[in-house]
Protein chains: 2
Amino acid sequence: MIGKVKAATKTKLLDAALRIIREKGYTATTIDDICRMAGVTKGGFFHHFKSKEDLALEAANHFHQMASALFESAPHNELEDPLDRLLGYLDFRISILSSDLPHCTCLLGTMVQEVHDTHPAIRRACDQFITYHANQLARDIELARQRHKPDAEWSAESLGLHMQAVVQGALLLAKARQDHEVAAESFRQLRRYLELLFR
Amino acid sequence: MIGKVKAATKTKLLDAALRIIREKGYTATTIDDICRMAGVTKGGFFHHFKSKEDLALEAANHFHQMASALFESAPHNELEDPLDRLLGYLDFRISILSSDLPHCTCLLGTMVQEVHDTHPAIRRACDQFITYHANQLARDIELARQRHKPDAEWSAESLGLHMQAVVQGALLLAKARQDHEVAAESFRQLRRYLELLFR
DNA sequence: GAACCAAAACCGACCGGTTGGTATGTGTCA
DNA sequence: TGACACATACCAACCGGTCGGTTTTGGTTC
């Protein structure tokens, strides 16, 4: 009626998983870690997830939902010119970087790098969601191409994936250096690339 | 006299570590895994490394040595124009992608993403070696800048790091999709960026 | 080159703590 | 009262690391 008072236990577990896995990686994250942060016992955990891998799959989906909502509701999506939306996307990503690292990194990239060879199901899920996001970008890239550079020889899909690669790589470097600025700089380089491409 | 007949045990352990960590990640790799592949027992392992973290540090260094030697001896380094060397570097990276994934991915990026928050020493080592490699690129970038675009407003260091970000991100996407081609495409996008920048 | 020796290299059984997972209870609400 | 949501207690496997012992190696002396 007045709205959900207590956050569902499952959501608390998923939020905790999101946080801890991004901090420590998938394998190093223990179920007890997640339970502790969520204030739930192991029994509760296994009531909602049938295994750790199952949690990872649901966490990937949970992250995807949150990220999609965040980027779709971002202000730059209101812009009329698809190229402005793309540049605005990068500016938005740069602005997000000011929050703490474990909060602004990508769960999908973190997990898939670690388990791509050992957990096929997780790999597939991460691949699917990353591809989804790349395709979202590719949509605007194609529109911008038609408007500004109709005879360009590169494909929108390829550029969309490249943008995702830069995002993942930049966040990785930020972790390595413990400094957001290197990621911001990389996003600015990518921004310059787009400007050169569409000019 | 005729050359080393048997590879030193320590080298065998490091090679095994390189391989398995890149496949399964640092945490999921057990010391027994490495011993099995190297044909060494646990006692032998702990004779050479005082802990698993110690192994990681030495493995990072080992990888750095190998990668440095590989890229420094690559044919593109003979080219006279620094810009050609940079483009040649990317072509070389694309050509390397034809070998199997666990053999052409970067140990440093794989490890640091996973342990940046939990193993400061490993993080520092990976950061150091990645930065070294970025600086190697930055040297040629600066030379190319002076020759082709002396009034450019971007810094060589920033672009060197961006190139490393693309490399890391592209390899991550390749793992996610189990397909080298996406990495090759990303390298080609980066190549186009360089051409646009210096034109 | 044989005999010797100390140190380095290597072995493999073992240990304590951890981890993913299970079996079984208990409270609550329709 | 029965289905659901969660807690408690527990387990077997595993993992990093230790330890006492054996083999290999390389230098020295005669």
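Side chains are part of it too, since the values below use all heavy atoms of this structure and drop only hydrogens, waters and symmetry mates. Chain identifiers are assigned alphabetically (A, B, ...) following the order of the sequence lines, protein sequences preceding nucleic acid strands; residue numbering begins at 1 within each chain.
Salt bridge B:Lys42/B:Asp32: present, at least one basic N to carboxylate O contact under 4.0 Å.
Looking at heavy-atom distances under 4.0 Å, B:Lys42 makes contact with a base.
Note on ring orientation: taking the six-membered ring where Trp is involved, the planes of A:Tyr89 and A:Phe71 are tilted (angle from 30° to 60°). Relative orientation of the B:Trp154 and B:Phe198 rings is perpendicular, given thresholds of 30° and 60° on the angle between their planes.
A cation-pi arrangement is present between B:Lys10 and B:Phe49, with the terminal nitrogen or guanidinium carbon under 6.0 Å from the aromatic centre and inside a 45° cone about the axis.
The interatomic distance linking A:Lys52 (NZ) with D:dA13 (P) rounds to 19 Å, in whole Å. Here the C1' atom of nucleotide D:dT18 and the CZ atom of B:Phe49 are 18 Å apart, to the nearest Å. Summarising the geometry, the separation between CZ on A:Phe45 and P on C:dT19 is reported as 14 Å, rounded to the nearest angstrom. As a whole-Å value, the separation of A:Lys12 NZ from D:dA7 P is 9 Å. D:dG16 atom C1' lies 14 Å from atom CG of B:Asp54, rounded to whole Å. Atom CG of A:Asp32 and atom P of D:dT8 are 13 Å apart (whole Å). Counting to the nearest Å, the P atom of C:dG20 and the CZ atom of A:Phe46 are 8 Å from each other. When the P atom of C:dA9 is taken as reference, atom CG of B:Leu13 falls 12 Å away, rounded to whole Å.
In the set C:dC10, C:dG20, D:dT18, the nucleotide with an atom closest to the side chain of B:Thr9 is C:dC10. Which of D:dA7, D:dG17, D:dC15 sits closest to the side chain of A:Val40 comes down to D:dA7. For A:His48, taking side-chain heavy atoms from C-beta onward, the closest of the listed nucleotides C:dA9, D:dC6, D:dG17 is D:dC6. Listed candidates were C:dG21, D:dG17, C:dC11. Nearest to the side chain of B:Thr41 is C:dC11.
Side-chain atoms of B:His148 and B:Asp81 form a donor-acceptor pair, as typed in the model, at a separation below 3.5 Å. Between the side chains of B:His62 and B:Asp15, at least one donor-acceptor pair of N or O atoms lies under 3.5 Å.
From one end of the helix from C:dG1-D:dC30 to C:dA30-D:dT1 to the other, with five pairs defining each end axis, the axis direction shifts by 10° (rounded to 10°).
The environment of B:Gln136 atom CD is dense: over 12 non-hydrogen atoms of other residues, nucleotides or ligands sit within 6.0 angstrom.
Contact check, B:His47 against C:dA9: a side-chain N or O comes under 4.0 Å of OP1 or OP2.
Comparing A:Asp33 and A:Gly43, the nucleotide of DNA chain C nearest to each residue sits closer to the 5' end for A:Asp33.
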